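Okay, structure first, notes after.
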2 protein chains.
Amino acid sequence: MRVSLKDVAAHAGVSIKTVSNVVNNYQHVTPAMRERVQRSIDVLGYRPNLAARHLRKGRTGIIALALPELGNPYFAELAAAGIDAAAAHDYIVLLDHTGGHREQEILVSQGFRARVIDGLILSPIELETEDLLDRAENVPLVLLGERDYDLPYDHIAIDNVAAARDAVRHLNGLGRREVAFIGARRGRSEPAQLRVRGWREELTAAGLPADDGLVAATDGWGHADGAAAMNRILESGRRPDAVFAYNDPMAIGAMRVLHERGLRVPEDIAVVGFDDVVEGRFGAVTLTSVSPDKEAIGRLAVESVLARLGGNEMPEPRRVRADHRLVERESTLGRAAANGGGRG
Amino acid sequence: MRVSLKDVAAHAGVSIKTVSNVVNNYQHVTPAMRERVQRSIDVLGYRPNLAARHLRKGRTGIIALALPELGNPYFAELAAAGIDAAAAHDYIVLLDHTGGHREQEILVSQGFRARVIDGLILSPIELETEDLLDRAENVPLVLLGERDYDLPYDHIAIDNVAAARDAVRHLNGLGRREVAFIGARRGRSEPAQLRVRGWREELTAAGLPADDGLVAATDGWGHADGAAAMNRILESGRRPDAVFAYNDPMAIGAMRVLHERGLRVPEDIAVVGFDDVVEGRFGAVTLTSVSPDKEAIGRLAVESVLARLGGNEMPEPRRVRADHRLVERESTLGRAAANGGGRG
DNA sequence: GGACGCCTGTATAACGTTGTAAAAGTCCAG
DNA sequence: CTGGACTTTTACAACGTTATACAGGCGTCC
């Protein structure tokens with residue numbers, strides 16, 4: 001059986017509490033006593049029983065990080081950053097995936113999937129505001145990602161509108177005048193996605209078309225969804241000279257379709273993605289992408305949720321903006337000044 | 001404060017244990033009593049305290065899954081499969097990443113990173129046999145992946161030698177006679193990697209060269225490592241007509257280098273990867289790859305470790321083979337019968 | 001009709017830890 | 001050498017749950 005404080009206490013000839021004091025670096029322990037107890041600890045190979053500690057302290061030392069999809073490298077990198085940030089605070093991360101499905105997201109937000117956690121970081125896709133109103137759970141919640149909720153929870157994200165505008169402005173600067181958007185989510189009550197909004201704002205400001213025919217809604221957000229959306233746009237008869245995708249996998253899926261149809265990137269159609277995943281740097285045509293500071297997002301999310309644990313004072317919910325920048329690569333290369341000229 | 005069994009018991013006017021019995025679906029509870037207690041549970045919104053349950057039962061309901069790198073979609077998909085398989089058994093998965101570094105892998109195997117777990121699934125990269133000999137930890141361990149340890153732990157993997165031979169045989173069948181291998185790990189005491197072995201065996205059996213000049217060792221196993229390795233091979237003066245890579249990201253990195261140098265895939269050089277990640281299906285040249293049954297691996301690993309929890313009888317350690325198949329795509333297309341003819 | 005067994009429900013004692021309060025020990029001033 | 005102030009260590013009670021053992025109630029079998 002595992003060795004407990006009791007065993008160590010017996011071995012060292014002291015009380016249980018003294019051993020506990022040594023383990024917890026309690027201030028008032030004489031060096032002699034500390035060493036004696038420590039020796040017993042080492043000899044017996046004592047390791048604290050976390051379940052008991054958790055029961056006693058009411059904390060588990062675990063926070064959950066619920067992401068839509070681990071297969072998307074963006075989330076994988078985010079997860080890695082979160083795990084490391086948590087480890088720095090002696091916290092462990094329980095990773096979960098929702099598939100971006102509303103029911104799963106609700107389950108997670110209500111704490112029904114992982115019930116051993118002190119705090120929760122959730123990156124929702126389909127979750128609606130009302131789903132969080134009756135949140136019975138009392139563990140702190142921090143939200144991540146593009147969706148914007150008017151709720152008293154911390155929210156960590158980049159400025160998605162500004163980032164989308166950066167991307168579109170970059171395309172416009174290359175002389176592209178018809179910029180399609182791939183990846184509006186289908187069936188969303190309000191098309192309030194910030195990236196679509198940024199796309200629309202920037203185009204409108206530039207006096208360029210931003211009609212619905214240029215927006216392709218999708219069911220998911222993987223390569224295949226991007227490819228299908230690209231196909232749909234082209235089959236509609238539109239011939240945009242640029243595509244801005246909701247994320248990199250979708251952009252890459254779209255580029256595959258363009259390749260199959262003999263359209264050249266960037267000569268015929270420039271492409272910009274979002275998230276700056278590694279994959280985009282190694283295709284036949286490397287991908288220009290909006291690069292969020294993933295490390296910062298992961299770290300800020302963890303620090304944010306841990307801060308909520310401390311006191312009951314419940315400070316004002318915070319909207320934290322992480323940095324982003326546009327990384328230009330081959331998919332939007334060249335033809336900088338050669339605008340105006342058709343590409344016949 | 002949270003509501004406990006005691007509160008429910010008081011509300012329902014029964015003993016604590018009776019409430020516990022209802023919660024645990026204990027057999028001998030009258031329907032009337034069950035309903036009465038259940039009503040109190042619902043009214044008060046009781047939710048079991050897992051820390052207390054864990055302390056009492058000695059189980060936490062959590063297993064750890066430690067993978068080298070979440071950024072590699074292969075592992076991300078594996079993780080997703082593991083999480084779902086565990087959920088089917090009411091278990092929760094604690095995901096961890098080692099970076100493939102030996103110290104981290106040792107830490108994980110000794111249980112120093114996550115100490116709340118009932119079992120551990122580890123996919124080691126650099127870990128050596130001796131690191132597991134003095135494993136003090138008593139939680140069951142299941143190993144995953146390519147490395148083969150002669151130790152009394154369950155091991156789940158595909159037949160890596162056979163899979164590698166399949167890939168090389170496929171290339172040979174296309175008339176390719178000089179097949180390079182990308183991704184032998186640098187600094188490994190014995191080059192016992194199974195995939196290299198399969199590559200060598202198949203080539204040798206076919207009477208083709210399998211010398212060290214065709215093997216490119218790498219530090220890591222990402223896109224950039226594959227690209228660097230490909231560059232090194234080409235700069236050495238060798239002109240292989242096929243490349244077999246340790247995994248898909250490396251294969252894709254290699255293809256990028258070939259593209260930059262104006263070498264065509266598959267016309268000049270055919271490429272085969274390993275793992276069949278989604279990314280390989282959407283490049284300008286889709287990637288032929290060995291496709292392990294990830295869902296099965298994740299599921300088998302979880303079931304294996306859960307099986308070890310049950311009894312103390314410690315059955316014989318098992319080597320479980322998951323299925324694999326070769327998925328042929330554009331990177332090895334055509335020129336089937338056109339062998340023999342040089343390529344200019 | 002009484003003894004026996006089965007079915008329900010209850011009291012109590014753990015599981016291993018930490019917080020509280022009090023006991024024991026130490027030190028110094030008077 | 002005694003009293004007081006302070007430091008170190010201890011005993012004990014929680015935290016919320018489940019296992020064990022046992023007490024009643026009821027039916028059943030001779």
Side-chain angles (χ1 to χ4, degrees), chain A residues 1-41 44-62 90 111 115-118 137-139 309, chain B residues 1-41 44-62 90 92 111 115-118 138-139 309:
Chain A
M1 216 25 220
R2 258 184 88 134
V3 17
S4 73
L5 281 183
K6 188 156 66 175
D7 304 319
V8 179
H11 184 272
V14 297
S15 80
I16 292 177
K17 189 64 215 288
T18 299
V19 182
S20 170
N21 286 339
V22 171
V23 170
N24 291 286
N25 272 314
Y26 181 64
Q27 209 175 356
H28 301 299
V29 181
T30 54
M33 176 62 90
R34 187 180 298 278
E35 195 192 346
R36 172 166 143 218
V37 170
Q38 187 61 52
R39 204 185 310 276
S40 292
I41 288 176
L44 298 180
Y46 166 76
R47 301 255 296 277
N49 177 322
L50 294 200
R53 182 176 286 176
H54 298 162
L55 171 60
R56 179 63 232 221
K57 309 240 278 195
R59 293 271 180 78
T60 66
I62 302 178
D90 279 326
R115 299 178 300 174
V116 272
I117 57 173
D118 293 341
E137 195 60 24
N138 52 0
V139 311
L309 295 185
Chain B
M1 217 26 220
R2 258 184 89 133
V3 20
S4 75
L5 281 184
K6 187 157 65 173
D7 304 320
V8 179
H11 184 272
V14 297
S15 81
I16 292 178
K17 187 64 216 290
T18 299
V19 181
S20 171
N21 286 340
V22 171
V23 171
N24 291 286
N25 271 314
Y26 181 65
Q27 208 175 357
H28 302 299
V29 181
T30 55
M33 176 60 92
R34 187 180 297 279
E35 196 193 344
R36 171 166 145 217
V37 171
Q38 187 61 52
R39 203 186 310 275
S40 293
I41 289 176
L44 298 180
Y46 167 76
R47 299 258 295 280
N49 178 324
L50 293 202
R53 181 176 287 176
H54 297 163
L55 171 59
R56 181 62 234 221
K57 309 239 279 195
R59 293 269 180 78
T60 66
I62 302 179
D90 279 327
I92 287 178
R115 299 177 300 174
V116 273
I117 58 173
D118 293 342
N138 52 359
V139 311
L309 295 186

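Quantities reported herein were computed from a predicted structural model and do not represent experimental measurements. Lettering of chains follows the sequences in order, A, B, ..., and the numbering in each one begins at 1.
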Nearest heavy-atom neighbours spanning A:Val139 and A:Ile117: CG1-O, 3.6 Å
Which residues pass the side chain to side chain donor-acceptor pair (under 3.5 Å) test with A:Asp118, not counting sequence neighbours? A:Thr60, A:Tyr91
Among residues 9-19 of chain A, which residues get a heavy atom nearer than 4.0 Å to DNA chain D? A:Val14, A:Ser15, A:Lys17, A:Thr18
Between the two end axes of the helix from C:dG1-D:dC30 to C:dG30-D:dC1, each built from 5 base pairs, what angle do you get to the nearest 10°? 60°
Nearest whole Å is fine: how far is C:dT17 C1' from B:Asn49 CG? 14 Å
For the base of C:dT17, is there a side-chain donor-acceptor partner from A:Arg53 under 3.5 Å away? no
Report the C-alpha distance between B:Val19 and B:Tyr46 in whole Å, list the side-chain angles of each, state the deciding distance to 0.1 Å, and finish with yes or no for side-chain contact (heavy atoms from CB on, under 4.5 Å). CA-CA 10 Å; B:Val19 181; B:Tyr46 167 76; 5.5 Å; no
The complete set of salt bridge (charged side-chain N to carboxylate O under 4.0 Å, His left out) pairs with one or both residues in residues 4-22 of chain B, sequence neighbours excluded, reads none
Check each residue of residues 21-37 of chain A for a non-hydrogen atom within less than 4.0 Å of any atom in DNA chain C, then write out the ones that pass by number, or none. A:Asn24
Answer whether the closest heavy-atom distance between the side chains of B:Asn24 and B:Arg53 falls below 4.5 Å. yes
Whole angstrom is fine here: how far is it from NE2 in A:His54 over to P in C:dT17? 11 Å
Side-chain-base donor-acceptor pair under 3.5 Å for A:Arg56 and D:dA14: yes
Separation of D:dC15 atom C1' from B:Leu55 atom CG, nearest Å, is 9 Å
Distance col, row A:Ile62:CD1 vs B:Ile92:CD1, nearest 0.5 angstrom, shows 8.5 Å
Distance-only check: which donor-acceptor pairs under 3.5 Å involve side-chain atoms of residues 29-37 of chain B, not counting sequence neighbours?
residue	atom	partner	partner atom	Å
B:Thr30	OG1	B:Met33	N	3.4
B:Arg34	NH2	B:Tyr26	O	2.9
B:Glu35	OE2	B:Arg39	NH2	3.0
B:Arg36	NE	B:Ala12	O	3.1
B:Arg36	NH2	B:Ala12	O	2.9
B:Arg36	NH2	B:Gly13	O	3.4

Shortest non-hydrogen contact between B:Ala51 and B:Asn49, atoms and distance: N-OD1, 2.8 Å
Spacing between A:Leu5 atom CG and D:dA14 atom C1', to the nearest angstrom: 16 Å
Tell me the closest heavy-atom pair linking A:Gly45 and A:Val3, and the distance in Å. O-CG1, 3.9 Å
Nucleotide C:dG16, atom C1' - distance to NZ of A:Lys57 in whole Å: 14 Å
Donor-acceptor pair, side chain of B:Arg2 and main chain of B:Arg47, under 3.5 angstrom: yes
So do B:Val116 and B:His54 actually touch side chain to side chain, heavy atoms under 4.5 Å? no
Is the phosphate of D:dT18, meaning OP1 or OP2, less than 4.0 Å from a side-chain N or O of B:Ser20? yes
